[in-house]
Structures are given as structure tokens and as C-alpha cells.
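Report on the following structure.
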Amino acid sequence: PADFKPKRQTMAALLKVGVPVALQDGLIQVGFIAITIIANMRGLNDSAAVGIVEKIIGILFLVPSTLLSTVSEHGRVRQILLYAVAMAVGYGLVIGVTMQFAADGAVSLFAREAEVIRLGGEYLRGYAWDCLFAGIHFSFSGYFCAYGRSEFSFLHNIIAILLVRIPGVYLTSIWFPDTLFPMGIATACGSLTSIIICLLVFRYLKKKPIRTAV
């Protein structure tokens, strides 16, 4: 029975990492719901196109998401971070460039309507670059979690969602009513904002003594 008794120090360390990560994941999903609502306001074809692209992006993001977990391992974390960022850049460039030519074909796997395919292709061409940017800030998020500083991962994601991604998607949906490409770019710009914040935090942490999460 003594093994089931929580240890205060261990639980505090776990919650310090886990609570910000849980809140971050929850708010990210809320952010995507907000983007879906904005798309729904544009009409049925736009809504269908955005929904299809979100499913495709979910598949393409399997590699960047895995990098987050990889960098979260202890050990030579800074060296792992460097390799992870390099892989994220390589993968992101391949996906970004490929989708400039294959976006319509990818969307056509899930839709038959020509207008939905056109709009989805436009959205995917812009959104595909998020595979590049997200892979980089996912790697940094794993790095922060490895040293028990998940609050920084929470911080850059929330700032990007509230100040860039949602406002950017909303404004581009108004300014460009005939195309979804700017909305895709606005989403990617949210991840670019996260990268800038991550680099600033990384520079700050390099001056601090390294300590692990638990």
C-alpha cells in the first residue's frame, strides 16, 4: 500500500510539466475550433474544404508531432534539438514544395466537387508550410518539457493562437473572400511567431543552469 501513496515532490514536478501541457493542448484545440467556425461563416464549400485539409494536415503532422516526443527525452537534449530541427526543416520543405503541385490531388481524394477541390487546394498550399514551422517549434517545446519548463511551451503556443493565428485567419477570411490561400498562410504565421518566441526563450535558458523535470 505504501507504493500507492503519492510523493509530494514527485507529484509537484509532474504537475509542473503536465498542467501547462494539458492546458496548451486543450487551448490549441479550441483555436482550431475557432478557425473552423470562421470557415463555416464563409459558406458550405469553404467549410468543407477547410475540414478536408484539416484531416490531411493531421496526417502530415505525424512527423513534426513525433519530434516533440523525441526531444523530450533526457540526455544530450541540445544536440537532439539540433538534429530534430534539421529533420523538421527538411521534412517541412519537402511537404511545402510538394503541396504546391499536389494539393488539388490530395483534396480530390476526399471530395468530388470542383469548387471544394479548388478551395481546399488553395488552403492546403498555404497551410502546408506550417509543417515546416510547426516541426521547429514542436522540437523546442519538447526541449522545454525535457527540462521541466513546459510553461514556455504553453506560453508561445497561446500567444501564437490568440495574437496571430485566430486574428490572422479572421482578417484574411474578410479581406480575401474568394480564396482560402491567405487563411492557410495566416495559420502558418502563427507557428512562425512561436519559433521567434522559442528562439528568445532558448537564448534565455542557455544562461540558466540546466535542471531536469523530475
Side-chain angles (χ1 to χ4, degrees), residues 24-25 27-29 31-32 35-36 39 49-72 77-107 109 119-146 152-169 171-172 176 179-203:
Q24 165 193 313
D25 289 346
L27 290 174
I28 286 175
Q29 295 307 314
F32 284 120
I35 292 174
T36 301
V50 169
I52 291 170
V53 171
E54 291 291 351
K55 299 297 186 295
I56 296 173
I57 287 294
I59 297 172
L60 298 179
F61 265 40
L62 289 175
V63 172
S65 299
T66 303
L67 292 176
L68 188 156
S69 301
T70 301
V71 184
S72 295
V77 184
R78 288 181 180 173
Q79 186 176 1
I80 295 174
L81 174 63
L82 178 63
Y83 292 142
V85 169
M87 287 187 288
V89 170
Y91 176 79
L93 286 174
V94 170
I95 294 299
V97 172
T98 300
M99 285 304 157
Q100 303 312 303
F101 304 97
D104 289 353
V107 175
L109 296 175
L119 291 169
E122 292 173 348
Y123 189 52
L124 185 54
R125 288 186 186 93
Y127 203 161
W129 295 112
D130 201 22
C131 288
L132 170 61
F133 301 137
I136 297 174
H137 77 72
F138 280 171
S139 299
F140 277 102
S141 291
Y143 174 84
F144 299 146
C145 290
F152 291 124
S153 178
F154 170 82
L155 179 66
H156 77 74
N157 275 290
I158 298 310
I159 290 176
I161 290 170
L162 296 181
L163 299 185
V164 179
R165 184 166 288 142
I166 293 179
V169 168
L171 291 175
T172 53
F176 304 94
T179 176
L180 288 176
F181 179 76
M183 285 181 59
I185 292 295
T187 302
C189 285
S191 291
L192 182 58
T193 302
S194 285
I195 293 175
I196 294 172
I197 298 173
C198 286
L199 289 173
L200 294 174
V201 173
F202 179 73
R203 182 177 179 182

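- Nearest heavy atoms, Thr172 versus Val169: OG1-O, 3.1 Å.
- Once rounded to the nearest 0.5 Å, the distance linking CE of Met99 with CG of Asp104 reads 11.0 Å.
- A donor-acceptor contact under 3.5 angstrom links the side chains of Ser191 and Arg165, judged on distance only.
- Atom OG1 of Thr193 sits about 11.0 Å away from atom CG of Asn157, to the nearest 0.5 Å.
- For Phe202 and Phe140, the gap between ring centers is short of 6.0 Å.
- Arg125 places none of its side-chain heavy atoms less than 4.5 Å from the side chain of Ile185.
- The side-chain heavy atoms of Phe144 and Cys198, taken from C-beta on, include a pair separated by under 4.5 Å.
- Nearest heavy atom pair, residue Ala88 against residue Gly135, reads CB-C, 3.5 Å.
- Looking at His156 and Ser141, their side chains do bring a donor and an acceptor atom within 3.5 Å of each other.
- Summarising the geometry of Val107 relative to Gly121, their closest heavy-atom pair is CG2-N, 3.8 Å, with the distance given to 0.1 Å.
- Residues passing the side chain to side chain donor-acceptor pair (under 3.5 Å) test with Thr187: none are found, sequence neighbours excluded.
- Contact of the Ile197 side chain with the Ile159 side chain is registered, since non-hydrogen atoms from C-beta on lie closer than 4.5 Å.
- When all heavy atoms of Leu180 and Leu119 are compared, the pair lying nearest together is CD1-O, 3.6 Å.
- When every heavy atom of Gln100 is checked against every heavy atom of Trp129, the shortest pair comes out as NE2-NE1, 3.2 Å.
- Residues satisfying the side-chain contact (heavy atoms from CB on, under 4.5 Å) criterion with Ile57, sequence neighbours excluded, are Val53, Leu60, Phe61, Leu124, Tyr127.
- When all heavy atoms of Ala84 and Ser139 are compared, the pair lying nearest together is CB-OG, 3.5 Å.
- With rounding to the nearest 0.5 angstrom, the CG atom of Leu200 is 12.0 Å from the CD1 atom of Ile195.
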